[in-house]
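Step one of this worksheet: look at the structure below.
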Amino acid sequence: MVRKPEGTLLIFAAAGLASTLLLDFAQAKPNRILSGVGLGAFEFLGIYGGILVIAFAVIIVSSVQSDVKRRHLISGMAASAGIAALLLSVGPMASKALPPGTSPRISIAPGVYVTLLCLYIILGTSMRRLKGHRYLKYAFVMVAAAAAVFAVASGSLSDLSIMKEYQVKRSQFAGNLKTHLFLSFGSTLAAAVIAMPFGYLAYKKPGLEGKIMTPMAFFETIPSLSLFGILMVPLGYLGSIGIFKAMGVSGIGWAPAFIALTLYGLLPIARNTLAGFKNVDTGVVEAAEGMGMGKGGVLWKIELPLAFPVIFAGIRVALVQAIGGAVLAGLVGGGGLGSFVFLGLAEASSDLVLLGVMPIVLMTLLGDGLMKAVVKRLEIGGAI
Amino acid sequence: MIRLEHVTKEYDGFKACDDVTFTVGKGEILVILGPSGCGKSTTLRLINRMVERTSGSIEVNGRNVDSVKGEELRRGIGYVIQNTGLFPHMRVDRNISTVPSILGWEQKRADDRVKEMLDLVGLDYERYSKKYPRELSGGEAQRVGVARALASDPDIVLMDEPFGAVDPINRLRLQKEFSQIQRKLHKTVVFVTHDVEEAMLLGDRICIMRQGKVVQIGTPEEIVLKPCDDFVESFFGAEGALKLLSRYRTADYMEDVPAEGESLLKDSSLKEALASMILEGKERVPVGGGSVSLASILGALRREVP
Amino acid sequence: MIRLEHVTKEYDGFKACDDVTFTVGKGEILVILGPSGCGKSTTLRLINRMVERTSGSIEVNGRNVDSVKGEELRRGIGYVIQNTGLFPHMRVDRNISTVPSILGWEQKRADDRVKEMLDLVGLDYERYSKKYPRELSGGEAQRVGVARALASDPDIVLMDEPFGAVDPINRLRLQKEFSQIQRKLHKTVVFVTHDVEEAMLLGDRICIMRQGKVVQIGTPEEIVLKPCDDFVESFFGAEGALKLLSRYRTADYMEDVPAEGESLLKDSSLKEALASMILEGKERVPVGGGSVSLASILGALRREVP
Amino acid sequence: GSKSEEPAVKNQGDPITVGSFVDTEGGILGNIILLALEDKGYVIEDKVQFGTPDVHRNALLQAELDIGVDYTGNGQYYVEGYEESVWVKADSAYESIRTADEKNGLLWMTPAKANNTEAIAVTKDFSEKNSVKSLADLAAYINKGGEIKFITSQLFAEKEAGLLGIEKAYGFKFQPSQLVLLPHGNTAETLKALSEGRDGINAALAYATDGSLVDLGLVVLEDPMSIPPVYEPAPIVRKETADKYPEVKETLDTLFAGLSKEKLQEMNKKVIVDGASPKDVAEAYLKEAGILD
Amino acid sequence: MKVRRMLPSGALIALLSLMLIYSREFEIFMYDIFETKTQTGSRTPLLVLFTEHLKMVVVSGVIAVALGLAIGIFISSGYGREYRDAFEEIISLGQAFPSAALLALVVPVVGYGSEGALIALVIYALMPIVYNTYAGLTGVDPDCIEAARGMGMEDIRIFTKIRLPLAANVILAGIRTSLVINISAATLAAAVGAGGLGVLVVNGVKAFDPVLILEGAIPVSLMAVIADLVMKEIERKLSYS
Ligand SMILES: Nc1ncnc2c1ncn2[C@@H]1O[C@H](COP(=O)(O)OP(=O)(O)OP(=O)(O)O)[C@@H](O)[C@H]1O
Ligand SMILES: Nc1ncnc2c1ncn2[C@@H]1O[C@H](COP(=O)(O)OP(=O)(O)OP(=O)(O)O)[C@@H](O)[C@H]1O
Ligand SMILES: [Mg+2]
Ligand SMILES: [Mg+2]
């Protein structure tokens, strides 16, 4: 019996193939800011472009294969091979493709991103459908991940424009990264510490729900940048007072960014705290009370563990939001990876923008994925 | 022993419990029966002070319930509710050992107790102790709920529609098992239900409530035979008498007369014996070594209630 | 008239319905009874082609169900499901007139029909027609569900545990009302349940299923008296015979012999008469002008099943 | 570099904070100061490319920064009570801001002789084809109804000493549709857009010291009426710092002396076009000027 | 009664209009309060910036709603279910880009002005709409669908008569969320020269000028709150409960 072809594989393999054949994979620029000549997959990657084409072709063929298990095995293998080939070849090929001149640059062009995205989705799809084949699944991911790590660690990418930007900004990179982490994780932590008790209060005293949630919802309507800006005024004033000055508070720098991000984090966390507690089965609470647990016991042993997955999901939302929001700190002198973004924007250097954006995106995906996994664990742990 | 005297609970002037007075003797099961909203749960929860009464007095084992802190009082009283209220984030063993561990029992003793309790409610320790509540069927969860309530070996157990959420077939099994357990343990039980059959099967006495008030208290026979008003009568319907038959065991009505046909177990009820007679169209069915006659079934109520 | 012949439904090799053959005569209620997952719903849904069979043939009113489009077929067959499936965004009247309006009835006729249907199921038009489903109690919602299924006056009605979600007291009332409606309308009904009492009360014939297969089909008496295997027997338990008694009306067993005591209604069942005898300890109870004797109850099954 | 001998640290435990504007030139000038002072044996806290001009200014006023770099012409925004005309002459501009800022505890050191003023740039082709060489030519071209699209910073477009003044002085007016307004004043973006002719842009805001002008094939239109003020970069040091470390003040006062407009252009080009590190460029300059060895 | 419900949003709209009409006076008043001096003579009147902002929000909103509904409906239908994960992945990847960064990256590809901003805004607004459309449509009580099917409704009719009305409030809530996000995010569009009220905010932040910031932020916040209220009202109207 011939089965329906796997739509996701088919479509994304076709899209990937199209992008390989049609889109630019690199830009060879005479210098840092001038636009250059676009290079297609074959011009840029040579034989490796061929590998990509073959990988996509294999995926297309396997997507109509009748044996479901086999079609995902083959697709997964082809996709991880494609990702590895692309990641490993980009660096060395960039060195070859450098145009002559005093300060030529090779920038990655959209084709690479589109192709990678297609491969990533194909890999994800195949992994999801390959239930049971645990080790094989991880082998695929490991191959792709190892290729990425090797490409970066071996220094093979050093002739890419973005890495040259990194070289110039090397001394600031670690600092900005740290600031960004501090701003996003710190503000989320602060928001959690503030919002959780408020959420709990709103749960215990339903009359207060509106009074607690409305102001938090209000912050959400203020554009983030304005909030940063508005905070600069009172903070500038505060910063002239001794203690705060000693703490490093001032109208410029990290303080307004930190506070604004904290304010934005309040709503999702408080809302989820409230929902989490509301979600706890009243029968369970009644049983706990009926067994002679004290108020504290009920809160810590029963309500909180049961509400926590939902609360944590709120923290996840707040964190993702904060990682993105912290970019704007770059505009008010707060540092963070946003500095690269705005400097790049100002210098019309998209590679510098990317130098700021890439870690942020990675951070978001990693943080999000990690926290999602934790939520899942918490739930499997029996809470839901 | 539980004694309520003129106990009233008001919510904003609405009397959820209105001048309730009753006594539950040691080792007795008192079933509180009544329509939804009549104050059954409230009465139950007044006893372990989950709800504080507005007036009246309550004694448990001879001591006024106000003489100890609410939490301590509750630790000494088993409590089972309709949807089991099992803690979904704890495995079965930790659910059962909750009160023991609040009471500070040492680990070993609590573990042994879990084993003993699972045994009592007919669940295999190996198979069930490490499961999460969501991995249990409704009937299994209910058993664990009972095991948990009994874990610290309280004299007194309060049960609020404990089998309400279980499907009819499993429900009957659980009721019978509970009967057996009770025959072993002799707890003092207050049992809330709105299921007449259940009340009939389990209650030593039945307390019928309506709109917060106690309408009638008595043995099932008293209530079926001498309902104090139409409301109580309507509760048992036209078939009340048949339901009573399910309380009596054939063994007690056996005569040394032989009869033909397939023999019933001694343990079976008169109701089953009656069904068997109708099925066969005979006036006598064999039970164990002897038999039971239609005549003695017809006289059963008179014999039980002289 | 509905006829299934060797109907099988496979899901990935798993047979949810396995070689099912039965016929439901015009005006007959066939109850499908069986444990959870045995294929009752699947069988029902095969009839109105909500599920397409893998093999076999199905006829409805003499025509192969494949001869019309599924949607059209379904418009001609009433369908009631457990949780009513009322459309929460439509008021009661629009819920009931859904099929009439799909069929393009004119407004006036549809409105009249709504009135008629609400009347049939005992709901006041003024009070209920403009309510939303969430404003109805469980029992009321169930009535509306039945009214909706009957709105276009289909010959054939499929009911999938229609009273499953209603509490026991209301349930009994609904079952009795449904009996009465059926006595008026004479629909051809396939009724799915896992409640033995319900099957006994409503079914002209009962079809017992297990693991996708039909185990036994027959009148309630046939099934109680001649269960084809242990599985069927276990279904009705030791009290099967007593349950059958609830099907027979005292009027049919009345003798012209006077008796003392409070008289039962002619409409009451033999089971009620039996209960009354046990209560009074007498072998004869008055019914209407005459009386019913214990002896005739003892002979009832033999009389119904010669 | 060869670090044969480490000079003794002169400000143990009290690092001097050096900041500058967050733009290309800020990176270079800030690093020049930083490297020169480090060479003299001072511990520096690196806040080069600290923030926008206003953030930088406030940081200096609030002692967040000890040393910064600013342009004389910006005095027009910082201090009140001066005629607008003082800002269009190099000497009067410097004197005005120097004396005014002394009251604020900020000492302006001698500026570089390099006027990094705002200007309008067009492509060489455009200039030749339409014979537009000065702002007056541009006015004529626009008033004739010639195609124009000017990319500029919002700030320049909206100030009297900027585009508004130029429009008034030369007698023309951009329609809103002929303007692309950016919220920031860095010209890398404007010049890139111009050189690539993106979105029909054929004129752009430029600074006179922009390094990419030549490489991109652009020319700056002459401004005979000298409308925008003179912007000469100068080191600024807080008075407390200057008093505490007189050597720092001395060093800074002469540090920018050798910087010409051409030199700045060249250095800017190295950073923005060739992608060199501002620090490397600054170091190379200091070595060339003999300040570092 | 109806009037009372519309009172808050009406009052806010009036406030916003007043602010737009008397922007100059507001500015002068605020500069007095903050005792700072204006640094920029505003070339673009507040009303123009407001209109730009509104246009950006409306255009991106309309595109996002159309696209989001289409995607949401597609992946919740029988045909598109298999693409659900892929779409989810793409959209959540898009969300991983901070709005400012997304704008910064779109510009080099698309160019200055509103196109770049629009693309970024659409990507941003898409997620809640797709998500809620999907959740709303698949969250409809299966018993209702079963009943509808059992009554002989065709797929189209089930969709228009049952699924869509029942999912309407969830979908609208998604649109509301995305609209509020969008109004706020459009502020950043100024960073790529797309204009709008963000021009004032960005310049204000750079120039350390609270008056400019407020002049931009207040209308934006008002817009967001008004949009929220109005959408809630529509939700209330269209949902049955
Ligand atoms: N906390 C409370 N506040 C106000 N009224 C209450 C409260 N708890 C219960 N009631 C009211 O008291 C009455 C009795 O409630 P209770 O829960 O005891 O009824 P019940 O007999 O257990 O009913 P059910 O069979 O439905 O469980 C009801 O009318 C209920 O609404
Ligand atoms: N769409 C489906 N795909 C796969 N298996 C199915 C599907 N529908 C039903 N089944 C399986 O077919 C069997 C019969 O299902 P069915 O719903 O007919 O049972 P039922 O007798 O109605 O049970 P219940 O009393 O619980 O409603 C079950 O084992 C069920 O898991
Ligand atoms: Mg209760
Ligand atoms: Mg079913």
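Numbered from 1 within each chain, the chains take letters A, B, ... in sequence-line order. It should be emphasised that the depicted structure is a prediction, and the values quoted were computed from it without experimental measurement. Values reported hereafter were calculated over all heavy atoms of this structure, with side chains retained and with hydrogens, waters and symmetry mates removed.
Shown here is C/Glu260, whose CD atom has no more than 12 heavy atoms of other residues, nucleotides or ligands within 6.0 Å. The 12-atom threshold is exceeded at CD of C/Glu221, counting heavy atoms of other residues, nucleotides or ligands nearer than 6.0 Å. Atom CD of B/Glu135 is surrounded by more than 12 heavy atoms from other residues, nucleotides or ligands within 6.0 Å. Within 6.0 Å of CG in C/Asp256 there are 12 or fewer heavy atoms belonging to other residues, nucleotides or ligands. Annotation for B/Lys213: atom NZ does not count as buried by contact number, only 12 or fewer foreign heavy atoms lying within 6.0 Å. The neighbour count for C/Asp124 CG, taken as heavy atoms of other residues, nucleotides or ligands under 6.0 Å away, is above 12.
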message = C/Leu279 vs B/Val224, test: side-chain contact (heavy atoms from CB on, under 4.5 Å). Steps then yes/no.
response = CA-CA 9 Å; C/Leu279 190 67; B/Val224 171; 4.0 Å; yes
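With a 4.5 angstrom heavy-atom cutoff, C/Leu294 touches chain B only via side-chain atoms. For B/Lys282, the part lying near chain C is the backbone, with the side chain staying farther off; criterion is any non-hydrogen pair under 4.5 Å.
With chain C as the partner, the residue from B/Leu301, B/Leu264, B/Ile297, B/Asp195 showing the most heavy-atom pairs under 4.5 Å is B/Leu301.
Using a 4.5 Å cut-off on side-chain heavy atoms (C-beta onward), B/Leu244 and C/Ile278 make no contact.
Closest approach of B/Glu280 and C/Arg302 over heavy atoms only: C-NH2, 3.4 Å. In this structure, C/Ala241 and B/Ala275 approach most closely via the heavy-atom pair CB-O, 3.4 Å.
The CE atom of C/Met277 lies 8.5 Å from the CG atom of B/Leu298; values are rounded to the nearest 0.5 Å.
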